[in-house]
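What follows is a single structure, written as structure tokens, with notes after it.
These numbers come from a predicted model, not from an experiment. Within every chain, numbering begins at 1; the chains are lettered A, B, ... in the order of the sequence lines, protein sequences first and strands thereafter.
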Protein chains: 2
Amino acid sequence: MLSKKAQYAFRALAHLVEHYDSGPVLIAEIAKKKRIPLKFLESILLELKKNNILESKKGKGGGYFLKKDPSQTYIATVIRIVDGPISLLPCVSLYFYQRCKNCNEKHCGLHDIMKSVRDATLNILEKRTLKDLI
Amino acid sequence: MLSKKAQYAFRALAHLVEHYDSGPVLIAEIAKKKRIPLKFLESILLELKKNNILESKKGKGGGYFLKKDPSQTYIATVIRIVDGPISLLPCVSLYFYQRCKNCNEKHCGLHDIMKSVRDATLNILEKRTLKDLI
DNA sequence: TGAATACCCTACCAAACCAATAGGGTATGA
DNA sequence: TCATACCCTATTGGTTTGGTAGGGTATTCA
């Protein structure tokens with residue numbers, strides 16, 4: 001399951017996609033419109049900024065906005081930033097790989113199954129983008 | 001990610017598949033062979049028994065064994081018992097459905113994306129069985 | 001029949017994580 | 001220079017995870 005944090009992130013990003021091209025959006029505005037706890041949202045947006053998804057402007061007239069065109073940010077990327085691994089097992093993860101202590105990856109049934117699941121999942125999440133959120 | 005509990009469950013089930021047709025297997029034997037904490041394993045097997053995956057026999061010569069042929073128990077079923085929902089959002093879950101408070105499922109981009117992921121995932125996990133573990 | 005066997009049940013615990021809050025600090029621009 | 005609005009650190013309550021402890025109960029076989 002995606003965490004609440006990730007769900008908030010996508011709701012906020014959807015708002016920013018809707019307001020793409022109309023300048024920075026206030027955290028407070030997003031929080032109010034999308035009913036997200038303000039301070040929690042603040043930390044989420046900051047994290048997305050640090051990871052190159054968002055850009056911000058301080059001071060009067062400031063706010064958050066998308067760094068790239070909505071079609072250039074993949075859903076998978078956002079999930080990895082906010083929630084971490086997408087795979088069901090560490091030993092089949094591409095970005096968070098850890099080897100199994102107790103199974104031989106060369107012939108482990110579970111490993112093979114979870115690898116198929118990963119491929120099927122990424123085939124969707126690495127094609128769909130923020131543009132698809134609205 | 002699958003919890004450690006689920007990973008233990010699959011390791012234990014794999015052992016039981018390997019010993020299908022050779023009578024009950026001791027918890028202690030599984031624990032030792034698969035390096036799983038004994039008491040933790042005990043609770044996992046009990047839960048699988050209560051959910052119709054395993055059968056047990058008490059007393060001398062007793063132990064655990066698969067209730068059905070390995071090809072008749074689906075990976076998805078085991079995950080749902082041990083870890084709960086497979087879907088990434090409650091609003092697209094088949095067995096653990098909860099409606100979204102903040103999105104309209106009829107036209108919510110995230111909803112659609114996660115539904116595709118669910119379908120792709122279940123297409124694998126509801127076809128593969130315990131037999132595929134070995 | 002009784003004792004050893006082996007599953008069954010309840011309770012508890014520490015560590016980690018999740019969701020959220022608090023309270024300022026710092027850069028910006030009018 | 002001051003209000004604005006993002007930036008940063010710390011803390012907190014609650015839940016989940018992973019695991020331990022200890023005894024209860026049913027079964028089998030000598």
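Taking a cutoff of 4.0 Å between a charged side-chain nitrogen and a carboxylate oxygen, B/Lys39 and B/Glu42 qualify as a salt bridge. By the 4.0 Å N-to-carboxylate-O rule, A/Glu47 lies too far from A/Lys50 to be salt-bridged with it.
A 6.0 Å sphere centred on NZ of B/Lys68 holds more than 12 heavy atoms belonging to other residues, nucleotides or ligands. Residue-environment remark: NZ (B/Lys34) exceeds the threshold of 12 foreign heavy atoms within 6.0 Å.
In the hydrophobic cluster analysis, where Ile, Leu, Val, Met, Phe, Trp and Tyr join through side-chain heavy atoms closer than 4.5 angstrom, B/Leu46 is grouped together with B/Leu16.
The backbone N or O of A/Ala6 sits less than 3.5 Å from a side-chain atom of A/Ser3, completing a donor-acceptor pair. Looking at A/Asp132, its side chain does come within 3.5 Å of a backbone N or O of A/Thr129 through a donor-acceptor pair. No donor-acceptor pair closer than 3.5 Å links the side chain of B/Asn51 to the backbone N or O of B/Ile53.
Every residue two or more places apart in sequence or in another chain was checked for a ring pair (Phe, Tyr, Trp, His ring centres under 6.0 Å) with A/Phe96, and none qualifies.
For the salt bridge (Lys or Arg N to Asp or Glu O under 4.0 Å) condition, the pairs that include at least one residue of residues 73-88 of chain B, sequence neighbours left out, are B/Arg80-B/Glu126.
Near-neighbour residues of DNA chain C inside residues 4-16 of chain A, defined by a heavy atom below 4.0 Å, number-ordered: A/Lys4, A/Lys5, A/Tyr8. For DNA chain C, the residues of residues 35-61 of chain B within the heavy-atom distance limit of 4.0 Å (strictly under) are B/Lys39, B/Glu42, B/Leu46, B/Lys49, B/Lys50, B/Ser56, B/Lys57, B/Lys58, B/Gly59, B/Lys60, B/Gly61, sorted by number. Residues from residues 77-85 of chain B lying near DNA chain C, meaning a heavy-atom separation below 4.0 Å, are absent.
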Verdict with reasoning, B/Lys49 to B/Leu45, per side chain to side chain contact (heavy atoms under 4.5 Å, CB included): CA-CA 6 Å; B/Lys49 180 200 154 127; B/Leu45 297 181; over 6 Å; no

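Two residues are said to be in side-chain contact when any heavy atoms from C-beta on lie closer than 4.5 Å; B/Leu66 and B/Leu13 meet this criterion.
Read 5' to 3', the first and last nucleotides of DNA chain C with an atom closer than 4.0 Å to a heavy atom of chain B are C/dT5 to C/dC9.
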